[in-house]
Amino acid sequence: MPQLKYWQAINQAMAEELERDPATCLLGEDVGAAGGAFGASAKLQERFGEWRVRDTPISEATIVGAALGASMSGLRPIVEVMFFDFMAVAMDQVVNQAAKISFMSAGKYHAPMVVRTMAGTGRGTGPQHGQNLEGWLAHVPGLKVVWASEPADAKGLLKSAIRDDDPVVVIESLALWSRRGEVPEDPDHLVPIGRAAIRRAGRDVTVVSWGAAVHRALAAAAELEPEVDVEVVDLRSLSPLDREGLFASVEKTGRLVVVHEAVGSFGPGAEIASLAADECFDALRAPVRRVTPPFAPVPFPPQLEKAYFPQVTDIVAAVRDVTRRAA
Amino acid sequence: MPQLKYWQAINQAMAEELERDPATCLLGEDVGAAGGAFGASAKLQERFGEWRVRDTPISEATIVGAALGASMSGLRPIVEVMFFDFMAVAMDQVVNQAAKISFMSAGKYHAPMVVRTMAGTGRGTGPQHGQNLEGWLAHVPGLKVVWASEPADAKGLLKSAIRDDDPVVVIESLALWSRRGEVPEDPDHLVPIGRAAIRRAGRDVTVVSWGAAVHRALAAAAELEPEVDVEVVDLRSLSPLDREGLFASVEKTGRLVVVHEAVGSFGPGAEIASLAADECFDALRAPVRRVTPPFAPVPFPPQLEKAYFPQVTDIVAAVRDVTRRAA
Amino acid sequence: MTEWFASSDGEISSEQALDIYRVMLTIRSFESAAADLLAGGRLPGFLHLSIGQEGVAAGVCSALGPEDGITTTHRGHGHCIAKGGSVDRMMAELFGRGEGYCKGRSGSMHIMDADAGILGAHAIVGAGLPMAVGAAYSAKVRGERRVAVAFFGEGAVGEGVFHESLNLAALWSLPVVFVCENNRYAELSHVSMHLSAKHVADFGAPYGIPAATLDGNDVLAVASAARKAVGRARDGGGPTLLEFETYRWRGHFEGDPQRYRSRDEVASWQARDPVARFQERLEAGFAVDVAELDRIEREASTAVERAVEWAESLPPAPPTSLLEDVYRSGSA
Amino acid sequence: MTEWFASSDGEISSEQALDIYRVMLTIRSFESAAADLLAGGRLPGFLHLSIGQEGVAAGVCSALGPEDGITTTHRGHGHCIAKGGSVDRMMAELFGRGEGYCKGRSGSMHIMDADAGILGAHAIVGAGLPMAVGAAYSAKVRGERRVAVAFFGEGAVGEGVFHESLNLAALWSLPVVFVCENNRYAELSHVSMHLSAKHVADFGAPYGIPAATLDGNDVLAVASAARKAVGRARDGGGPTLLEFETYRWRGHFEGDPQRYRSRDEVASWQARDPVARFQERLEAGFAVDVAELDRIEREASTAVERAVEWAESLPPAPPTSLLEDVYRSGSA
Ligand SMILES: Cc1ncc(C[n+]2csc(CCOP(=O)(O)OP(=O)(O)O)c2C)c(N)n1
Ligand SMILES: Cc1ncc(C[n+]2csc(CCOP(=O)(O)OP(=O)(O)O)c2C)c(N)n1
Ligand SMILES: [Mg+2]
Ligand SMILES: [Mg+2]
C-alpha cells in the first residue's frame with residue numbers, strides 16, 4: 001500500500017470524490033487557487049475548475065449557510081473552515097439550520113454537506129487558534145462528527161462523510177499533518193462513521209482517545225508494558241458514538257481513562273465517562289478518569305503547550321493510578 | 001418577604017443594580033422602549049435613560065462584542081440575547097473574545113459583563129427557539145454560567161453576575177416566568193456564584209438538576225416519598241461548579257441521577273455524572289443515570305414537548321431503577 | 001434604478017392577475033383563520049402573521065416557477081402559500097398533526113416543502129439568506145436556470161449574514177433575488193431604532209447590485225419588479241435587491257399588545273390595503289367583474305376552512321415521531 | 001469626501017513628524033528583528049508582519065492620545081507600537097516569556113496593554129470592530145471624550161460584524177474611527193476574490209458615514225485624515241470610515257511561499273515605501289537633516305536590539321502561569 005501523509009490522504013479523498021461525483025464541490029478561504037491554507041486542496045481547482053473548487057470571502061457563517069442551501073439543491077458541498085476556533089463564527093448555520101434541515105422538513109430535504117475544520121493544537125497557535133470544540137458539535141442532534149488519527153482514516157472517514165446524506169463535521173489535526181501511513185488506493189476505501197478502532201488490544205485498562213491524542217495514548221501503553229496491559233480505543237467518530245465498541249472494551253478491562261485535547265470540564269470525555277458509569281457500572285473496578293488540559297485558554301509557546309496538552313507521562317500516571325486500585 | 005414572579009425578580013435585580021452603579025447598563029433587542037420581549041426590563045429605560053438602557057439592532061454578535069469593549073472601558077454591561085438558541089449567532093464574541101480577555105491581557109483588562117438569555121423550553125417554541133446549550137458555555141474557560149430555578153435566586157444570581165468581574169452567562173427559564181416566590185428586599189441580596197442549593201435533603205439518592213427541571217425533580221421526590229428518600233440538588237451555577245456540594249451529597253446517598261432539559265449526548269449532565277464516577281467512585285452504589293430529552297431537535301406542540309422534555313414520571317422511573325439495585 | 005423596475009400595462013395577463021388575487025386571498029384567509037384558532041385556544045405555539053403584506057408574497061412568487069427556490073422567515077406563511085405550499089399541510093403543521101409539513105413537530109415558523117421549492121422558513125433572523133445564495137450557487141454550478149429568492153424583513157439587515165450574502169452573490173454573480181419586506185418594525189422596535197440607512201435598497205450600491213425601494217402594497221408593481229429581477233437572474237445577470245415598503249396589520253406575534261405604535265398609524269396603512277387596491281385595479285384595469293372576484297374569495301376561504309376542518313380532525317402527532325428524520329442516513 | 005480629508009501644510013509640526021518617523025522605524029526594526037529571529041529558530045509560534053504598512057499605524061495613532069483606545073488584528077505589531085506599546089514587553093511576549101504582555105502565553109497575535117489603550121489584537125478576523133464600537137459607546141455613556149479606533153484588513157469586510165459595527169456606530173453616532181488597511185490580500189487571496197465592492201470606503205454611504213479611500217503609504221496624508229476623523233468623533237460628530245491603500249511586503253505569515261503574487265508587484269510597492277517617502281519629505285518639507293534621521297533610526301534599532309536581548313535572556317514562562325488570569329474573580 002502506498003504511504004501518504006495525513007494531508008495527502010485528505011487531498012486524495014477530495015480528489016477522488018470530486019472525480020467520482022460531479023455534485024461534489026469544495027468551498028472555503030484559499031481552498032482554490034492557493035490549494036488550501038495548509039495544502040489540503042492542492043491542485044484540486046486546476047483539475048475541477050474554479051466553480052467546483054471555489055475560493056470564498058472570509059464569511060464563515062454565510063459559506064456554511066450557502067453550502068447548506070446548495071446541499072438542499074443537488075450539490076454535495078465540502079466547506080473548509082480554516083481553524084476549529086472559527087467554527088464559533090458559523091455556529092448558528094451549523095447548528096440551528098444545517099443540523100435540523102432533515103428533521104424540520106420531515107426528511108424531504110437533507111443536507112449532504114461536510115464541514116472540514118482543522119485543529120491547531122500543538123502547533124503553537126495560541127488561544128484563538130488552538131481550541132478543540134468537538135464536544136459542542138457532538139452535542140447537536142442531526143450532526144455527525146469524526147476525527148481521524150491516521151492517514152488511512154483521514155481518507156476513509158472523509159470519503160464516508162462526503163458520501164453521507166447528513167451534515168458531517170470532519171475535524172483534522174494539524175499536528176498530524178505530516179504523519180505518514182499506509183493508505184488504501186481503493187477508490188471505495190470508506191471508513192464507516194460510528195465505528196471505533198482498537199489500536200492496541202489489552203486486558204487491564206481501556207484508554208479512549210481520538211485525533212492526535214491517540215498516539216500519546218499508544219506511547220503510554222508502550223511505556224506501561226508489561227506492567228499494565230492497556231487497550232487503546234481510537235474513537236474516530238464522536239457522533240454517532242460506537243457505544244457497543246466502547247462498552248465491550250470497558251466490560252473487558254473494568255477500567256477507563258479518557259484522553260483528549262479539549263478542556264475537561266463539560267468536555268467530550270465526560271460523555272464517554274458517564275456512559276461507562278451508567279452502562280458498565282458493574283464491570284467498573286476503578287474510578288473513571290479523564291486526562292485533559294487544565295480549564296484555561298490554549299497557550300502558544302512549546303513549553304506551555306507541553307504543560308497544557310496531555311502528555312504521555314500524564315496518561316501513564318492516570319493509568320497507573322486506576323490500575324493500582326483493587327476496587 | 002414580598003412575593004415576586006420570576007421575571008419581576010429579574011427586573012428588580014436589574015433596577016437595583018442600575019440604580020446602585022452608574023456603570024451598569026443594559027443592551028438588547030427591545031429591552032428599552034418596549035421593556036423587553038418578555039417584560040424583564042419593564043420601565044428601566046424610563047428610569048435610567050435611553051443610553052443606559054438601550055435598544056439595539058438585531059446584531060447579536062456585535063452587541064456582545066460591543067458589550068465586551070464597553071466592559072473593558074469602564075462600563076458593566078448586561079446584554080439580553082432573546083432566546084438561548086440565538087447565542088449561536090454570538091458564540092464567537094462570547095467564547096473567543098470575552099471569555100479570554102482576562103487571560104490574554106494577563107489580567108490587565110477584564111470583562112465585567114453579563115449575557116442574559118432565555119430558554120424557551122416548555123413554551124411551545126420549537127426547534128430554533130427551544131434549545132438548551134448550557135453545556136457549550138460551561139465548557140469555556142473564562143466564562144461563568146448560572147441558572148436560577150426560583151425567583152429569589154433569579155434576583156440574587158443576576159445581581160452577583162452583574163457585580164462579578166468576569167463574563168457571566170445568566171440563563172433564565174421562560175417556563176418559570178410567572179412562578180412566584182419570596183424574594184428578599186435586601187439590595188445586597190446576592191446568591192453566590194458557584195454554590196448549589198439542596199432543595200430537599202434525602203438519604204437514598206441524589207438528584208441533580210437546574211432551571212425548570214428542578215421543580216420536576218422535587219415533584220418526583222414527593223411522589224417517591226416515603227418509598228425513596230431523595231435529595232434534590234439545584235446546581236444553580238454550572239460554572240464554576242459546586243464540586244464539594246455535589247460530592248458531599250453523592251458520598252452520602254451513593255446514588256446519582258442527573259436531570260436536565262438539554263439533550264443528553266455530550267450534554268451538561270455528563271460532567272456531573274463523570275465527576276461522580278471519578279471522585280465518588282467508592283461511594284457509588286448504582287449506575288449513574290441521566291434523564292434528558294432524546295437526541296433530537298425540540299418539538300413545539302404540547303403533547304410532543306411533554307414527551308420530549310423529562311417529566312416527573314421519567315425521573316421517578318430513573319430513581320426507582322437506581323435504588324432498586326443492591327450493588 | 002427604480003424606473004427600470006416600474007410596471008407597464010399588459011405585462012401581467014388577466015389570468016395571471018386572477019391567480020395573484022387568489023393567492024392574496026388565500027394568504028389572508030389562512031392567516032385570519034389561524035389568528036382566530038389561536039385566540040380560541042385551538043392552536044398551540046406562536047404565530048407571526050403577514051396580513052397586510054400579501055402583495056409582496058403574491059407578487060414576487062408570481063414571477064417564479066416550481067423549479068425556483070425560496071427561503072423565508074418566522075413570518076413566512078404568505079411566501080409559502082404563494083410559492084405553492086399546501087394550505088392543508090401547513091394548517092396540519094400549525095395544529096401539530098403528523099400530516100403537517102414537519103409531521104407537526106416544528107410549527108408555524110418552519111414550513112418547508114421540497115416539491116414546491118420552499119427551502120424553508122427559518123426563525124433565526126437572517127438565516128435564510130445564505131441558504132438562498134447557496135441554492136443559486138448550485139444552479140450556477142449545475143448549469144440550471146433556477147432562481148432563488150430570499151424573503152426577509154428589514155430587521156435582518158442588522159445581521160451580518162445579510163451583508164455577507166450580498167457580497168457573495170455579487171462576487172459570484174449568482175441567480176438570487178433578495179426581497180426585503182420593510183414593514184417598519186422589527187418585533188417591538190421601529191426601523192429607526194435599528195437601522196441607520198434610509199433605505200434597505202441603499203445596500204445594493206457598494207456591491208454593484210441593482211436595487212430599488214418600491215411600494216409593496218401595489219401587487220402589480222411588485223410582480224413587475226420581480227419579473228425583471230428574476231429574469232435578469234435567470235439570464236445570468238446576477239443578483240438584485242428589492243425593498244418593498246409594506247406594513248403588518250397584526251402585532252409582531254398574536255397576543256402582542258402593540259404599545260409601540262398608534263391605532264392611527266395602523267389605520268393609515270389599512271387604508272392602503274394591498275388586497276382592496278388590487279381588487280379595484282382588477283375591476284378597473286382588467287375589467288374583471290365583481291362576481292368573479294367574490295367567487296375567488298369564496299373559494300379561497302373554503303379551501304382554508306376545509307384545511308382547518310381536516311387538520312383539526314387529525315390526531316396529534318405521536319411521540320414516536322420525535323426521533324424520526326433527525327438523520328437521513330443511519331442515526332446517532 | 002476625499003478632499004475633506006486631504007492634508008494641508010503646517011498641520012503636523014516638525015516635532016510631531018519626527019515622532020511619527022521614529023514610530024515607523026521602530027515598527028520596521030521590530031518586525032525585521034522578529035522575522036530574523038523566527039527564521040533563525042529563536043522565536044516560537046507564527047508571525048504576521050506589517051512591513052510596508054507602517055504609514056497607517058504611525059499616521060493614525062499620531063492623532064490619538066493615551067486615553068483613546070484601539071483594537072487590532074493578527075497583523076497588529078505596528079498598531080501596538082504606534083499606540084505606545086512597549087517593544088520590550090511585546091518582544092518578551094513573542095519569545096513566550098513571563099514578562100510579556102500576556103505573560104508569554106498568547107504570542108504575537110494577542111498584544112494587549114490597558115495602560116496604552118490597546119484593547120487588544122484579536123486573531124479572529126473582524127472581531128475587534130464590535131469591541132471598538134463598545135469602547136466608543138462607553139465613552140458616550142460616561143461622557144468621556146475618548147475615541148476608539150478599529151484597525152482591520154480589507155478581508156474583514158467579508159465578515160458580518162464589520163457591517164453590524166458600522167450600523168451600530170452610525171445609528172448611535174459613536175466616537176469610533178474604522179481604519180481599513182487595504183493591502184490587496186487576505187491570506188493568499190487577492191481582494192478581487194473576496195470583495196465585490198470597488199472600495200471598502202463605499203460601505204460608508206448607506207449608513208451616512210463619511211468615508212474615503214486614501215494613500216496609506218503617505219504617512220502625512222494618513223495623519224491628517226486621522227486627525228480629522230478623530231477630531232470629528234471627539235466632538236460628537238460620529239464615526240468615520242477610512243480606507244488606506246497599502247501593501248505588505250512580507251508574506252501573509254513568515255514562511256509563506258507567496259505563489260499568489262509576482263516579484264514585480266512586490267517591487268512596485270516597495271518603490272512606494274512609506275518610510276523612504278517620508279524620509280524624503282522630512283528632508284525636503286521639514287528641513288530635517290540626515291544626521292537627525294540617522295540618529296532616530298539608530299535609536300529605534302537599538303531599542304529593538306535591547307528588547308531582543310532582554311527578552312531572550314529571560315526564562316520561558318513557567319507552566320504555573322497557565323491557570324493565572326483565567327478568571328479575574330474567584331476561579332471555576
Ligand atoms: C438571530 C435572531 N435574533 C432575534 C430574533 C427574535 N426576533 C424574531 S422576529 C424579530 C424581528 C424581525 O424583524 P424583521 O426582520 O423586520 O421581520 P418582521 O418580523 O418585521 O417580518 C426578532 C428580533 C430571532 N428570531 N433571531
Ligand atoms: C474568522 C476568521 N476566519 C479566518 C481566519 C484566517 N485568517 C487569518 S488572517 C486572514 C486574512 C485577513 O485578511 P485581511 O483582513 O485583509 O488582513 P491582512 O492579513 O491583509 O492584514 C484570514 C482569512 C481568521 N483568523 N479568522
Ligand atoms: Mg420588519
Ligand atoms: Mg488584507
[X] versus chain A, heavy atoms under 4.5 Å apart: side chain, backbone, both or neither?
X: C/Leu323; value: neither
X: C/Ala127; value: both
X: C/Asp115; value: neither
X: C/His122; value: side chain
X: C/Leu322; value: backbone
X: C/Glu164; value: both

[X] side, atom [atom1]; [Y] side, atom [atom2] - distance, nearest 0.5 Å:
X: C/Leu168; Y: A/Thr62; atom1: CG; atom2: OG1; result: 7.0 Å
X: A/Leu27; Y: C/Tyr137; atom1: CG; atom2: OH; result: 4.0 Å
X: C/Arg142; Y: A/Cys25; atom1: CZ; atom2: SG; result: 10.0 Å
X: A/Ser59; Y: C/Leu166; atom1: OG; atom2: CG; result: 11.5 Å
X: A/Ser105; Y: C/Met112; atom1: OG; atom2: CE; result: 6.5 Å
X: C/Thr71; Y: A/Leu68; atom1: OG1; atom2: CG; result: 10.5 Å

Let me know if [X] has heavy atoms under 4.5 Å from chain C in its side chain, its backbone, both or neither.
X: A/Val140; value: backbone
X: A/Asp242; value: neither
X: A/Ile193; value: neither
X: A/Ser237; value: neither
X: A/Asp164; value: side chain

Is a donor on one side and an acceptor on the other found under 3.5 Å between the side chain of [X] and the backbone of [Y]?
X: C/Tyr327; Y: A/Leu143; value: yes
X: C/Arg105; Y: A/Phe103; value: yes
X: A/Ser73; Y: C/Ser138; value: no

Taking every non-hydrogen pair under 4.5 Å, which of [options] racks up the most with chain A?
options: C/Leu119, C/Val141, C/Val133; result: C/Leu119
options: C/His110, C/Glu324, C/Lys140; result: C/Lys140
options: C/Val161, C/Ile124, C/Leu171; result: C/Ile124
options: C/Glu144, C/Met131, C/His163, C/Lys103; result: C/Met131
options: C/Ala135, C/Ser106, C/Ser321, C/Gly126; result: C/Ala135

C/Asp325 versus A/Ser102, closest heavy-atom pair with distance = O-OG, 2.6 Å
Going by the angle between their ring planes, with limits at 30° and 60°, are C/Trp172 and A/Trp51 parallel, tilted or perpendicular?
->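 C/Trp172 vs A/Trp51 ring planes: perpendicular.
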Chain C contacts, top residue of [options] (heavy-atom pairs, under 4.5 Å):
options: A/Ala61, A/Ala111, A/Gly74; answer: A/Gly74
options: A/Lys100, A/Arg54, A/Gln93; answer: A/Arg54
options: A/Gln97, A/Arg243, A/Lys108; answer: A/Gln97

Would you say C/Arg234 has more than 12 foreign heavy atoms packed within less than 6.0 Å of its CZ?
->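 Yes, because the 6.0 Å sphere around CZ of C/Arg234 holds more than 12 heavy atoms from other groups.
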Just checking, is any N or O donor in the side chain of A/Asp166 or C/Ser329 under 3.5 Å from an acceptor N or O on the other one?
-> yes
